[in-house]
There are 2 protein chains.
Amino acid sequence: MVNTTLKKLSQVSGLSISTISRALKNHPDISEKTKSLVIELANTLDYEPNINAVHLRTQNNRLFGVIVPSISNFFHESVIAALEEECRKNNYTLMILQSGDDPEIESDNIKLCRQNRVNGLFACITPETKNIESFSKLKEVDIPIIFFDRVPERSDCHKVCVADIDSATMAANLIAEKQKKKVLALFGNSNFLITKKRFNAFTEIMSAHNIACITAYSSNETHSEELTNIYLAENPDSIFCMTDEILTGVMRAIQKKQLKIPDDISVIAISNGYIPTLYYPSITYIETSGKKLGKLAFESMMSTISGSTFIQDRTIESVLVRGQSI
Amino acid sequence: MVNTTLKKLSQVSGLSISTISRALKNHPDISEKTKSLVIELANTLDYEPNINAVHLRTQNNRLFGVIVPSISNFFHESVIAALEEECRKNNYTLMILQSGDDPEIESDNIKLCRQNRVNGLFACITPETKNIESFSKLKEVDIPIIFFDRVPERSDCHKVCVADIDSATMAANLIAEKQKKKVLALFGNSNFLITKKRFNAFTEIMSAHNIACITAYSSNETHSEELTNIYLAENPDSIFCMTDEILTGVMRAIQKKQLKIPDDISVIAISNGYIPTLYYPSITYIETSGKKLGKLAFESMMSTISGSTFIQDRTIESVLVRGQSI
DNA sequence: TTATCAACTGCAAACGTTTGCGACAATGTT
DNA sequence: AACATTGTCGCAAACGTTTGCAGTTGATAA
């Protein structure tokens with residue numbers, strides 16, 4: 001069966017297309033009698049407006065795009081979930097795109113956003129995104145972009161990030177407070193601005209408290225496990241994990257060696273919150289909430305869309321969630 | 001700046017809109033000289049076709065929808081990832097929708113699919129979806145639906161599922177093979193067909209081997225943990241977990257009680273594969289691959305779209321992934 | 001010269017909506 | 001009786017494409 005259109009409703013009812021259209025959107029020009037008649041007819045014929053035609057005509061898609069490296073990631077998942085919820089509330093649609101951390105796919109995705117005439121884009125850039133030229137094309141056509149989590153370094157764009165320095169500082173301070181003497185600190189991809197900032201903040205506090213600090217970078221689970229095995233030889237009394245991936249690697253190494261947490265070794269992480277609860281004793285972590293980030297990013301989008309020329313640069317504050325691992 | 005359109009390209013170049021359109025899609029009617037001229041112009045003006053107009057005109061959106069309860073789920077995540085990859089390869093777009101297991105949102109999502117004139121829908125229904133009336137409306141307008149994972153019981157619809165009986169059977173057989181005497185078996189939502197089938201298959205094998213079997217249903221982590229604590233009093237020598245959520249609950253209980261796996265107790269699960277590897281010793285599990293399911297669902301979609309009237313009813317076979325937990 | 005042909009390009013309709021404007025009848029006002 | 005007002009409704013253009021068909025060239029053949 002072919003789709004019902006306004007034209008069909010018009011033919012069946014004998015009313016004009018414009019009357020049908022107005023009746024369905026409760027326009028004051030149309031009499032109540034006609035309205036109810038049209039609405040009933042539309043229901044029996046299962047009319048659904050063709051959204052392409054609507055958008056073409058109104059030039060407003062009520063559509064946002066979001067580009068993440070992968071939806072298979074606790075943090076980005078929760079960001080998307082939050083964005084989705086807000087979109088639903090505000091009657092927007094969300095187009096979810098995955099870049100796979102590939103700049104080429106990323107630029108394809110941006111093209112898709114342009115073709116779809118999105119009203120705005122939320123973007124978490126890939127590590128390799130050096131220039132944001134493909135993004136600037138969006139700006140040329142007045143499509144606002146809210147960068148989140150991994151953002152460009154330049155200052156002339158909207159950003160919503162988790163606390164970079166703060167979260168590292170909180171973890172470091174807790175380690176100092178607990179009188180730890182030697183910490184193994186594992187950081188994520190060293191290309192990211194956030195990693196650099198956290199690294200500096202963390203190591204600074206360590207040296208301020210005269211705590212020995214072994215540092216290394218790792219961006220996946222297996223590598224983290226290897227690193228842990230290597231540096232465990234130096235007998236650290238605590239381990240700091242900057243990401244969930246690092247945490248799982250570290251935990252595998254610890255479990256294999258049958259070390260007791262927190263007696264043999266303490267663990268503290270920065271996390272979105274799910275992974276740390278899987279272990280026993282549960283891992284103490286600094287929560288960087290994707291939900292909050294999503295909500296804030298959406299707010300920023302709405303305010304720039306409604307005309308604010310203010311450059312949004314906002315930060316989610318982190319909170320310490322105490323487990324028994326330190 | 002406003003978007004570049006064919007009309008603008010036409011005005012700038014002095015060529016007609018139709019020539020522009022044809023030149024951009026390499027139509028043989030247009031001379032090479034004109035083509036390269038137009039293409040260059042389009043590039044400098046950053047032309048991107050308005051996809052709404054294209055779809056409206058061509059009546060083909062190259063768009064699929066997928067409805068999942070939530071993308072925050074290991075299994076559905078991997079299904080989506082697979083679908084997305086196939087879509088990209090075949091030049092389709094994927095519209096990802098979350099129902100939150102709420103039938104009302106589900107039906108809103110279906111409406112969205114209709115409004116967007118999707119070419120097909122992949123759907124994982126909510127536990128409460130009793131009648132599939134809202135889905136049948138899609139069928140009326142010739143939008144094919146491939147149900148996956150959680151599917152309606154009726155036989156007149158396309159389905160792609162993970163092995164229900166097989167996976168339970170494999171787990172049960174391994175338990176028997178390892179000479180276990182008393183097993184605690186935790187199953188998921190008892191409303192689901194898949195749970196019933198697995199329950200029956202599992203318990204049947206247990207009784208065939210004279211293995212004592214304590215069974216219970218649970219659909220979240222906390223509840224599973226409680227159940228485990230309760231039934232651990234009956235000293236089972238092994239635990240079967242039908243889902244990842246159950247597994248994490250069970251593991252928390254086990255870790256709290258400091259039980260040694262597999263000496264004190266054995267564990268076996270049905271899982272998508274990520275969670276079992278987090279623990280040490282790693283958990284033996286029956287893998288139900290979301291990736292494979294996604295690929296198969298896409299295949300089914302393509303074949304029904306290209307005219308096959310055959311009712312697709314396909315199953316992903318499970319494979320045993322041996323850890324050290326049994 | 002005229003007819004024929006190929007190569008190239010433009011006209012105009014159509015996809016399904018929304019919406020400014022005008023038409024028309026019925027009613028109220030002077 | 002003439003006019004203004006109000007309540008309903010339809011006409012037609014526009015959004016940005018695609019595409020069947022026809023038109024315009026210039027060259028070649030008769």
Side-chain angles (χ1 to χ4, degrees), chain A residues 1-39 41-42 45-63 111-112 114-119 141-142, chain B residues 1-39 41-42 45-63 111-112 114-119 141-142:
Chain A
M1 201 183 81
V2 77
N3 271 305
T4 309
T5 66
L6 291 185
K7 189 196 278 186
K8 189 189 251 175
L9 293 181
S10 155
Q11 286 165 347
V12 175
S13 67
L15 294 163
S16 80
I17 292 182
S18 35
T19 302
I20 304 281
S21 173
R22 280 190 258 254
L24 287 175
K25 34 181 38 70
N26 204 22
H27 192 283
D29 268 9
I30 309 297
S31 71
E32 290 304 325
K33 213 178 63 185
T34 310
K35 275 181 195 168
S36 53
L37 192 147
V38 169
I39 289 173
L41 182 64
L45 263 60
D46 275 331
Y47 171 74
E48 287 292 345
N50 183 324
I51 232 168
N52 286 313
V54 175
H55 290 165
L56 178 59
R57 167 64 219 230
T58 61
Q59 300 286 71
N60 182 4
N61 287 9
R62 295 199 79 81
L63 173 68
K111 190 179 286 190
L112 256 180
R114 289 196 54 196
Q115 294 182 349
N116 279 85
R117 301 295 189 265
V118 296
N119 295 108
V141 290
D142 294 327
Chain B
M1 200 184 81
V2 77
N3 271 303
T4 310
T5 66
L6 290 185
K7 189 197 277 188
K8 188 188 249 175
L9 293 181
S10 156
Q11 286 164 346
V12 176
S13 66
L15 294 164
S16 81
I17 292 182
S18 35
T19 301
I20 304 280
S21 173
R22 281 190 257 255
L24 287 174
K25 35 181 35 74
N26 205 21
H27 192 284
D29 269 8
I30 309 297
S31 71
E32 289 304 324
K33 213 178 63 187
T34 310
K35 275 181 195 168
S36 53
L37 192 147
V38 170
I39 289 173
L41 182 65
L45 262 60
D46 275 330
Y47 171 73
E48 288 291 347
N50 182 324
I51 232 169
N52 286 313
V54 175
H55 290 165
L56 178 60
R57 168 62 221 228
T58 60
Q59 301 285 70
N60 181 4
N61 286 10
R62 295 198 79 81
L63 173 68
K111 189 180 285 190
L112 256 180
R114 288 197 55 195
Q115 293 182 348
N116 279 87
R117 302 297 191 263
V118 296
N119 296 108
V141 289
D142 294 328

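So you know, we letter chains A, B, ... as the sequences are listed, proteins then strands, and number each from 1.
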### Query
Looking only at heavy atoms, what is the nearest atom pair of B:N116 and A:N52, with distance?
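Taking B:N116 first and A:N52 second, the nearest heavy atoms are O-ND2, 4.5 Å.
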### Shortest non-hydrogen separation from B:T4 to B:Y47 and the atoms involved
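Looks like O-CD1, 3.5 Å.
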### Query
Should A:N61 and A:N119 be marked as a side chain to side chain donor-acceptor pair (under 3.5 Å) after you check the CA-CA gap, both sets of side-chain angles, and the distance that decides it?
CA-CA 7 Å; A:N61 287 9; A:N119 295 108; 6.0 Å; no
I want to check one thing: is the phosphate of [N], taken as OP1 and OP2, less than 4.0 Å away from some side-chain N or O of [X]?
X	N	answer
B:S31	C:dT9	yes
B:Q59	D:dT17	no
B:K25	D:dT17	no
A:T34	D:dC9	yes
B:K35	C:dC8	no

Just how far, in rounded Å, is [atom2] of [N] from [atom1] of [X]?
X	N	atom1	atom2	answer
B:Y47	D:dG16	OH	C1'	7 Å
B:I51	D:dT17	CD1	P	11 Å
A:N116	D:dG16	CG	C1'	14 Å
A:Q11	C:dG16	CD	C1'	13 Å
A:L56	D:dA14	CG	C1'	9 Å
A:N50	D:dC15	CG	C1'	13 Å
B:K7	C:dA12	NZ	P	15 Å
B:K8	D:dC15	NZ	C1'	15 Å

#### Entry: Contact nearer the 5' end of DNA chain C, comparing B:H27 with A:T58
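It is B:H27 whose nearest nucleotide is closer to the 5' end.
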#### Entry: Gap separating the OG atom of A:S13 from the CG atom of A:L37, nearest 0.5 angstrom
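Between atom OG of A:S13 and atom CG of A:L37 there are 7.0 Å.
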### Query
Given the rule that a pair is Watson-Crick or G-U wobble with both distances under 3.5 Å, how would you write DNA chain C in dot-bracket, using | for pairs to a different strand?
||||||||||||||||||||||||||||||
Side-chain donor or acceptor of [X] paired with backbone N/O of [Y] under 3.5 Å:
X	Y	result
B:S21	B:I17	no
A:R114	B:D46	yes
B:K35	B:H27	yes
B:S10	B:L6	no

### Task
Tell me which nucleotide among D:dT17, C:dT9, C:dT17 gets nearest to the side chain of B:L6.
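Per side-chain heavy atoms of B:L6, the pick is D:dT17.
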### Query
Are any non-hydrogen side-chain atoms of B:V54 and A:Q115 less than 4.5 angstrom apart?
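When only atoms from C-beta onward are counted, A:Q115 and B:V54 do not touch, as no gap falls below 4.5 Å.
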#### Entry: Side-chain touch B:Q59/B:R117, heavy atoms, less than 4.5 angstrom
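In short, these two side chains do not touch, never coming nearer than 4.5 Å.
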### Query
Using a cut-off of 4.0 Å on non-hydrogen atoms, how would the nucleic acid contact of A:P49 be classed: base, sugar-phosphate, or nothing?
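Answer is sugar-phosphate: A:P49 comes under 4.0 Å of backbone atoms only.
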### Query
Which is true for B:D29 with a 4.0 Å heavy-atom rule: it touches a base, it touches only sugar-phosphate, or it touches nothing?
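Base contact.
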### Selection: residues 16-24 of chain B, any non-hydrogen atom under 4.0 Å of DNA chain D
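Here the set is B:I17, B:S18, B:S21, B:R22.
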